[in-house]
Every structure is written in C-alpha cells, then in structure tokens.
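What follows is a set of notes on a single structure, which appears directly below.
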Amino acid sequence: MVAYNAFISYRHAADGAFAPAVKVALQRFAKPWYRLRELKVFRDGANLNRSPHVWASIKAALAQSEYFLFLASPRAAASKWVGQELAYWLAQRERSKLLIIVTGGELF
C-alpha cells in the first residue's frame with residue numbers, strides 16, 4: 001500500500017527551508033483546480049511528532065512511499081538520520097525510485 005507518493009530526506013541544518021518548498025511544489029504540481037493537493041509527500045518536520053519511537057515512524061513512512069527524494073548536500077551526506085533513511089531505502093525498496101536533488105556541493 002502506498003500512503004505517500006514521495007518521502008523527502010534532507011538535513012535540517014542544510015535544507016530546512018528548501019524541503020518545505022519542495023513539498024509544496026510537488027503537492028501543487030499538475031493538480032486539478034478543485035483539489036488542495038494531488039500528491040501526498042512525507043517530510044519529517046511536517047509529518048512526525050518527536051517521540052522515542054521516531055525511527056519506527058520513519059521506517060513505516062519509508063515502507064509506504066513510492067519515491068525517495070534525497071536532498072543531497074555535504075551536510076546531508078554527513079547526517080546519521082539521512083544515512084539511515086538512505087540505507088533503509090537501498091536495502092528494502094527499488095533503487096529506480098530514488099531521486100537525487102543536489103542542493104549543495106558536487107554529486108561526484
């Protein structure tokens with residue numbers, strides 16, 4: 001079952017302002033005029049409460065997402081949480097559904 005069309009993974013310190021803009025843009029993209037949003041997008045700052053079970057909630061969202069959007073930057077690459085999310089996706093989901101958006105630094 002797909003609960004989310006996309007899961008956005010990012011480093012808050014690097015892309016905390018950009019990630020919400022990406023979510024809003026995706027939700028407005030190609031939507032009928034009579035709908036508030038067309039796509040359901042998971043972003044931890046908007047969809048999670050801080051709790052001791054945060055990783056379980058993140059894994060559930062990853063398992064129910066169709067695409068993984070990685071906002072890539074040197075700071076994101078150094079993030080423990082982003083690393084866990086990316087490792088989970090690569091181990092459990094389709095690599096062809098991983099989309100990388102370079103927000104800083106160089107990809108290679």
Side-chain angles (χ1 to χ4, degrees):
M1 179 179 115
V2 173
Y4 301 101
N5 299 101
F7 180 102
I8 300 176
S9 181
Y10 64 102
R11 174 72 189 255
H12 290 254
D15 292 310
F18 184 60
V22 170
K23 180 178 180 177
V24 168
L26 287 171
Q27 289 176 325
R28 290 182 179 166
F29 181 73
K31 74 172 185 66
W33 66 269
Y34 55 86
R35 287 194 185 153
L36 182 60
R37 67 184 60 88
E38 184 66 17
L39 300 176
K40 290 185 74 178
V41 180
F42 181 91
R43 184 180 65 82
D44 62 356
N47 297 91
L48 281 181
N49 297 321
R50 297 287 175 205
S51 78
H53 307 292
V54 70
W55 178 240
S57 298
I58 289 172
K59 280 190 349 186
L62 284 163
Q64 296 174 8
S65 295
E66 185 176 5
Y67 286 89
F68 184 94
L69 277 62
F70 173 39
L71 303 188
S73 70
R75 293 171 94 182
S79 167
K80 171 189 162 192
W81 285 103
V82 171
Q84 282 184 289
E85 293 164 357
L86 190 53
Y88 177 90
W89 189 270
L90 292 173
Q92 303 294 324
R93 306 301 309 271
E94 293 180 53
R95 290 174 182 234
S96 64
K97 303 263 179 151
L98 165 65
L99 303 174
I100 300 170
I101 301 168
V102 179
T103 63
E106 296 180 21
L107 189 56
F108 296 104

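Starting from 1, each residue takes its place in the sequence as its number.
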#### Entry: From Thr103 atom OG1 to Asp15 atom CG, the distance as rounded to the nearest 0.5 Å
3.5 Å
### Task
Kindly compute the distance separating CZ (Arg93) from CD (Glu66), expressed to the nearest 0.5 Å.
8.5 Å
Close side-chain approach of [X] and [Y], heavy atoms under 4.5 Å:
X     : Y     : value
Tyr10 : Leu69 : no
Asp44 : His12 : yes
Trp89 : Lys97 : yes
Ile8  : Lys23 : yes
Glu85 : Ile58 : yes

Compare every heavy atom of [Y] with every heavy atom of [X], then report the nearest pair and how far apart it is.
X     : Y      : value
Lys31 : Arg35  : NZ-O, 2.7 Å
Pro74 : Gly104 : CD-O, 3.4 Å
Tyr88 : Ala63  : OH-CB, 3.6 Å

Side-chain donor/acceptor of [X] to backbone N/O of [Y], under 3.5 Å:
X     : Y     : answer
Arg43 : Val22 : no
Asn5  : Val41 : no
Arg11 : Ala78 : no

Joint cluster assignment, [X] & [Y], ILVMFWY side-chain distance < 4.5 Å:
X      : Y      : answer
Ile101 : Leu99  : yes
Phe68  : Ile100 : yes
Val24  : Phe7   : no

### Query
Hey, mind stepping through Trp55 and Trp81 against side chain to side chain contact (heavy atoms under 4.5 Å, CB included) and telling me if it holds?
CA-CA 9 Å; Trp55 178 240; Trp81 285 103; 3.6 Å; yes
